[in-house]
Amino acid sequence: MASSDKIAAATIHSPWRHLPNALTALRMLLVIPLVWLIRDRRYDAAVVVALVAGITDALDGWLAKHFQWQSWIGSVLDPIADKLMLIGCFVSLGFVGAHPEWLTGLVVGRDVLIVAGAVAYHNLIGRISGEPTLLSKINTCVQIVYVILQLVNLTTWFEVPRAAITFAIYVTAIVTVASGIQYVAIWSAKAIQVKRSGQAR
């Protein structure tokens with residue numbers, strides 16, 4: 001075995017290889033204090049918690065790629081952690097009146113629809129695999145920027161112009177709906193194709 005192969009093997013089997021998943025689990029746990037702080041209107045502290053969550057998100061991704069510590073469970077947990085964080089923020093921001101209830105409904109409804117579709121596909125068609133679409137990645141980025149914008153606006157540090165908040169609300173809504181429609185179209189087409197090929201469960 002070449003020296004580079006030995007180093008790669010040692011890295012992959014390192015006792016630290018579970019660190020990215022541990023950081024993802026920590027990000028999931030941070031949803032609880034973040035939601036509580038927003039509902040309690042302690043926005044300055046909420047921004048700090050959100051910042052820590054963002055750092056762990058970036059760090060676990062870097063560690064997984066740099067040291068080849070990617071795993072199937074990690075690829076599943078990471079988007080779940082992101083969604084838990086975003087849904088928690090949208091629900092709690094809606095609770096304090098930062099945005100209209102229909103926006104919370106769109107964001108939560110999209111994810112519920114996708115999860116229900118994924119469960120149905122897994123049970124009726126087969127195992128789901130594949131990277132998120134470009135539009136899905138854009139949707140996540142837009143939602144993250146929106147949450148950060150709202151949290152910063154609610155702090156005592158800085159006030160975002162109302163027009164910017166309104167614009168962000170409608171952009172977030174449009175991208176959320178478009179991403180949801182795309183997912184339904186893509187996975188419906190895949191389900192029909194697999195059914196026709198006779199490879200479904």
Side-chain angles (χ1 to χ4, degrees), residues 19-62 73-119 132 135-181 183:
L19 183 57
N21 292 342
L23 289 171
T24 300
L26 173 61
R27 195 159 82 255
M28 289 180 173
L29 292 175
L30 286 175
V31 174
I32 298 172
L34 180 57
V35 168
W36 177 75
L37 288 168
I38 294 174
R39 287 172 62 94
D40 205 39
R41 292 174 169 78
R42 298 172 60 183
Y43 304 118
D44 293 8
V47 170
V48 174
V49 174
L51 179 61
V52 172
I55 291 173
T56 62
D57 187 17
L59 183 58
D60 75 55
W62 181 83
I73 188 65
S75 68
V76 172
L77 289 179
D78 191 63
I80 290 176
D82 290 340
K83 287 305 174 186
L84 286 175
M85 184 70 65
L86 285 170
I87 288 176
C89 286
F90 272 93
V91 171
S92 52
L93 285 170
F95 177 81
V96 299
H99 60 229
E101 293 181 358
W102 59 260
L103 181 61
T104 301
L106 282 180
V107 172
V108 175
R110 170 195 178 273
D111 290 337
V112 168
L113 178 64
I114 289 174
V115 170
V119 171
L135 183 55
S136 177
K137 292 179 180 179
I138 292 173
N139 176 64
T140 299
C141 289
V142 168
Q143 290 184 357
I144 290 172
V145 170
Y146 170 77
V147 167
I148 293 173
L149 192 69
Q150 279 283 22
L151 287 177
V152 170
N153 181 58
L154 291 168
T155 65
T156 57
W157 309 335
F158 183 75
E159 184 176 355
V160 179
R162 186 61 203 172
I165 295 292
T166 301
F167 177 77
I169 287 174
Y170 284 102
V171 169
T172 302
I174 292 169
V175 177
T176 298
V177 171
S179 175
I181 292 173
Y183 260 116

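In this structure, the ring of Trp102 has its center less than 6.0 angstrom from the ring center of Tyr170.
The side-chain heavy atoms of Thr140 and Leu86, taken from C-beta on, include a pair separated by under 4.5 Å. Contact check for Val142 versus Val171: side-chain heavy atoms found under the 4.5 Å cut-off. Side-chain contact between Asn139 and Leu135 is absent, with no heavy-atom pair separated by less than 4.5 Å. The closest side-chain heavy-atom distance from Lys83 to Gln143 is below 4.5 Å. Looking only at side-chain heavy atoms (C-beta outward), Ile80 and Leu84 come within less than 4.5 Å of each other. A 4.5 Å side-chain heavy-atom check between Val48 and Asp44 finds every atom pair outside the cut-off.
To the nearest 0.5 Å, atom CD of residue Glu159 and atom OG1 of residue Thr155 are 10.0 Å apart. In this structure, OG1 on Thr172 lies 6.0 Å from CG on Leu103, to the nearest 0.5 angstrom. For the atom pair CD1 of Ile55 and CG of Leu23, the computed distance is 11.5 Å after rounding to the nearest 0.5 Å. For the atom pair CG of Leu19 and OG1 of Thr24, the computed distance is 9.5 Å after rounding to the nearest 0.5 Å. Between the CG atom in Leu151 and the CG atom in Leu37 there is a gap of 10.0 Å [rounded to 0.5 Å]. Atom CE of Met28 and atom CG of Asp82 lie 9.0 Å apart (nearest 0.5 Å).
At least one donor-acceptor pair under 3.5 Å links the side chain of Gln150 to the backbone N or O of Ala98.
Pairing each heavy atom of Tyr43 with each of Leu154, the nearest pair is CD1-O, 3.2 Å. Looking at every heavy atom in both residues, Ala46 comes nearest to Leu34 through O-CD1, 3.3 Å. Residues Ala81 and Arg27 approach most closely at CB-NH2, 3.5 Å, considering heavy atoms. The two atoms that bring Leu149 and Ala164 nearest to each other are CD2-O, 4.2 Å, heavy atoms only. For Ser179 against Ser136, the heavy-atom pair with the smallest separation is OG-CA, 3.8 Å. For the pair Phe90 and Thr104, the tightest heavy-atom approach, listed with the atom from each and the gap, is O-OG1, 3.2 Å.
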